[in-house]
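Down below is the structure, laid out as structure tokens.
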Number of protein chains: 4
Amino acid sequence: MERIASNKPKRTATEIAEQIKSLVEDPKLVEQRRKQITKAAIAAFIRHGYHPCTIRNIAKQAQVSVGLIYQYVGDKEDLLFLALVEILRAYKEGIPSAVAGVDEPLQRFCTVVRAYCTIHSGSPDATTLAYRETASLSKERRDAIKQLEVETNQLIIDPIRACIAAGIFERHINEDVLCYQIVMFSHTWALKAWNLQPRMTLETYLEDGLRLMLGGVMTAKGAEQYGVLTGNAKP
Amino acid sequence: MERIASNKPKRTATEIAEQIKSLVEDPKLVEQRRKQITKAAIAAFIRHGYHPCTIRNIAKQAQVSVGLIYQYVGDKEDLLFLALVEILRAYKEGIPSAVAGVDEPLQRFCTVVRAYCTIHSGSPDATTLAYRETASLSKERRDAIKQLEVETNQLIIDPIRACIAAGIFERHINEDVLCYQIVMFSHTWALKAWNLQPRMTLETYLEDGLRLMLGGVMTAKGAEQYGVLTGNAKP
Amino acid sequence: MERIASNKPKRTATEIAEQIKSLVEDPKLVEQRRKQITKAAIAAFIRHGYHPCTIRNIAKQAQVSVGLIYQYVGDKEDLLFLALVEILRAYKEGIPSAVAGVDEPLQRFCTVVRAYCTIHSGSPDATTLAYRETASLSKERRDAIKQLEVETNQLIIDPIRACIAAGIFERHINEDVLCYQIVMFSHTWALKAWNLQPRMTLETYLEDGLRLMLGGVMTAKGAEQYGVLTGNAKP
Amino acid sequence: MERIASNKPKRTATEIAEQIKSLVEDPKLVEQRRKQITKAAIAAFIRHGYHPCTIRNIAKQAQVSVGLIYQYVGDKEDLLFLALVEILRAYKEGIPSAVAGVDEPLQRFCTVVRAYCTIHSGSPDATTLAYRETASLSKERRDAIKQLEVETNQLIIDPIRACIAAGIFERHINEDVLCYQIVMFSHTWALKAWNLQPRMTLETYLEDGLRLMLGGVMTAKGAEQYGVLTGNAKP
DNA sequence: TATGAATGAGGTTTCATTCAT
DNA sequence: AATGAATGAAACCTCATTCAT
């Protein structure tokens, strides 16, 4: 869709969002209205999908007029962007608060995985929306969203590195592969709920998956620790 | 969107596809034209996305007139359905031909994983399309597509079971979780190409991932065999 | 065209018209715009015929945009329905106001006939439109339109009965046949204007026709009265 | 639709029909195929209405291919014209054969009325079609159809004149008005079948109508004769 | 600032007509 | 002569966006 490989310095998602133009001056009001509209947009996009969703759908959901939306946002794509940023932001912010105070590397790793997975399982539709509709954004915005994803991934990679450094995980493992393994493991519960949910609980899924992933990466020392944590002799 | 929970016997994807009505009688011609149109539709949907893609885009891609498409298909959604069925059919058929003649369980498992991943990496856009746009189908068709997915998954689950039966994989592993682990592992290379491709080759990705997954599920006996297969002392 | 014999309670034309959904809330505006659009639709349907007439034709005639029409009406058939209802409503309302204050039965009968005929002759194209295009409506709406016709016929049958009761018309005459005789007599002037207008005036047509019809139904007493009314010794 | 008042010599319906161009040479075949296609067109136009009816509908009805129709006819309007001509021709030809051998003026008049009415009641849909769709023709063809109607009317006017000449009908009656009275009386049974048929038989309708019309036009001498004919002392 | 009526470009779909076989 | 697949113009309708109030 975009032919021109622009060399503009890349803007972050936050910068792009801040530069979305609003006809309204009062920043307080802009923030409040945007929040309200974005929330409605997420709900409406989830219900209908981005393209089939109309501005009227969103206005109705937000209990405002169509015109009001265009006071705070330039076009429909802006709404999608704000929606996706909001979804990813929630994911990204959810993890640190879940692992706060958990310092031991393996435990921290497990907590991150559980948190990440739990967060996604809490709003599977939003996860699905992000999957489906990121491609509907312009390149710059798509890239900014990807960058958010990368930053979130970092929250997973850090504990992996800590585990490696602590000798709990094998030294030679590919941290990117493992990270995406975890990411996709979490998304899978959301994306494939129709197949998985009838067959197991989130807890079973999480623990079985965790054991499976850990089994592939732990050192003997790590395995020992994991046994202590879970009460099992062996992962 | 659909309110009525119909109790009609579910039709398979193939049945639905066969019942898409064509104004043209000659079955030979119908098959040939549908193939041509479906191929064009896949390309056009990949380029634009389903909703933004116009029938004229597809007609142009297929080098036929707009009217011709409607001689072979009832509406735009039929085109999406045919496109997705074709994509999944290719995936499903690709695996058996790849593992033909490989009988040893572990080797068969590894071959399946490699085949599955390679197939998806060969047409990452199609994988992405299937991910994004299945939701744009009516419920019956969405379900039929999911069923195709389940059938393909079976091609992965079978070797898993064989490995368990052969004592190569741990008895207690959750085969569904492992299966989806593999599925998502393969899709990830397609979906997250933008992040992964700059950092590793498909081969690295595959072998690192395979080692990671196997490490979590293999018995001591399995590990020994794996060492023999790969020339490594230890996975 | 309609297969299902529904047992829903039949809605009147007015009810159906009121239930045509509009995206605009303000009832005042809806009424005004609908009136404007219906008027334009009548003109456009008369000019082109219902099927060949395009929404753009109507929009142009009404001096509004195409989109505006769809704010006040669901589809093209709604426009036809509103047009026909408006036409028949005008006919139906025209009669009572014409005969107001005329109480003597025979005179009232003659006045009704003259009024009915004059009204139709005033907008022969509209009469023709109603004739041609009622069949283009869905069954329910067609039935509602027929019901309007029946109600209008009643305005003719009532004076007939009064004349019979007053001994002016023969007791044994078939009031339905006479009624339709009058109805068709009136429509004929509109429908067959191309043949009749060059050969006589509406007045001639009316008086000759009236004399003809009265001659067939009047008693001796009636004939006497008619002579007094017209100044002729004999009808 | 047509702005230009052309001064071309008017062609009769038969001439126009004969000049409709056919790609096929053999006149025998042309006649046979046209007959087949016209018959199918009448049925299809009755079922769907002219505009909604597709060429495919007609081809199917005629059990021929779409292409074949265009070998014998220039366009869709030709089909409508041929259909209407055929319908009116049947009406026109039906009357003389019905009155053949009836020479007494009053009896001949009554026979014509009964024949005309019976013919129309036999194919009410065709009557309705002629009413609705004549307007869909080009002006020249519309005029030619009207001319056919005029010629048919002459078959009614002739007996009226004979009755006047014989002193059976009043000398001063308007023969055009009476003629159309009869025409519309006959059409009414077809057009308003939905209202009339549940309430009376064609026989009742005919005799009540005939008595009504005759009552308006007969001289004393005529009334006497009518009494002899019907066995009633008085119309 | 907020509203929602108005606009019109553009998408899907139909179908009269053509033309290669 | 007959077929029916192919064409593409044009219709209906939707909906993102604007603008007067």
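Convention: sequence-line order gives letters A, B, ...; per-chain numbering from 1.
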What nucleic acid atoms does [X] come within less than 4.0 Å of, heavy atoms only: base, sugar-phosphate, or nothing?
{"X": "D:D75", "answer": "sugar-phosphate"}
{"X": "B:E77", "answer": "nothing"}
{"X": "B:L68", "answer": "base"}

B:R56 or C:S65: which one's nearest nucleotide on DNA chain E is closer to the 5' end?
->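 Upstream on the strand: C:S65.
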
For D:T54 and for A:D26, locate the closest nucleotide of DNA chain E by heavy-atom distance; then report the residue assigned to the nucleotide nearer the 5' terminus.
->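 Here A:D26 is the residue nearer the 5' end.
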
Should C:Y72 be listed as having a side-chain N or O under 4.0 Å from OP1 or OP2 of E:dA5?
->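 Indeed not, no polar side-chain atom of C:Y72 lies that close.
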
Ignoring backbone atoms, establish whether C:Y70 has a side-chain N or O less than 4.0 Å from OP1 or OP2 of F:dC15.
->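 Checking C:Y70 against F:dC15: no side-chain N or O falls below 4.0 Å of OP1 or OP2.
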
Measure [atom1]/[X] against [atom2]/[N] and give the value in whole Å, please.
{"X": "A:L23", "N": "F:dT17", "atom1": "CG", "atom2": "C1'", "answer": "12 Å"}
{"X": "C:I58", "N": "E:dT7", "atom1": "CD1", "atom2": "P", "answer": "16 Å"}
{"X": "D:H48", "N": "E:dT14", "atom1": "NE2", "atom2": "P", "answer": "15 Å"}
{"X": "B:Q63", "N": "F:dT7", "atom1": "CD", "atom2": "P", "answer": "11 Å"}
{"X": "C:I55", "N": "E:dT12", "atom1": "CD1", "atom2": "P", "answer": "20 Å"}
{"X": "D:L79", "N": "E:dC15", "atom1": "CG", "atom2": "P", "answer": "16 Å"}
{"X": "D:K76", "N": "E:dC15", "atom1": "NZ", "atom2": "C1'", "answer": "8 Å"}
{"X": "A:K60", "N": "F:dC15", "atom1": "NZ", "atom2": "P", "answer": "14 Å"}

Partner nucleotide of [N] by Watson-Crick or wobble geometry (both distances under 3.5 Å):
{"N": "F:dT21", "answer": "E:dA2"}
{"N": "E:dA9", "answer": "F:dT14"}
{"N": "F:dA9", "answer": "E:dT14"}

Toward the 5' end of DNA chain F, by each residue's nearest nucleotide, D:I69 or A:V66 =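 Its nearest nucleotide being more 5', the pick is D:I69.
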
If I take atom [atom1] from residue [X] and atom [atom2] from residue [Y], how far apart are they, to the nearest 0.5 angstrom?
{"X": "D:L82", "Y": "D:I87", "atom1": "CG", "atom2": "CD1", "value": "11.0 Å"}
{"X": "C:E133", "Y": "C:F81", "atom1": "CD", "atom2": "CZ", "value": "15.0 Å"}
{"X": "A:L23", "Y": "A:Y70", "atom1": "CG", "atom2": "OH", "value": "12.0 Å"}

Is C:E25 atom CD crowded by more than 12 heavy atoms from other residues, nucleotides or ligands, each under 6.0 Å away?
->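 It does not: C:E25 CD has 12 such atoms or fewer within range.
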
Pair B:R141-B:D78, side-chain contact (heavy atoms from CB on, under 4.5 Å): steps then yes or no | CA-CA 10 Å; B:R141 294 175 169 202; B:D78 287 347; 2.7 Å; yes

Could you tell me whether the side chain of C:Q71 has a donor or acceptor atom within less than 3.5 Å of a complementary atom in the base of E:dA6?
->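 A donor-acceptor contact between them is present.
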
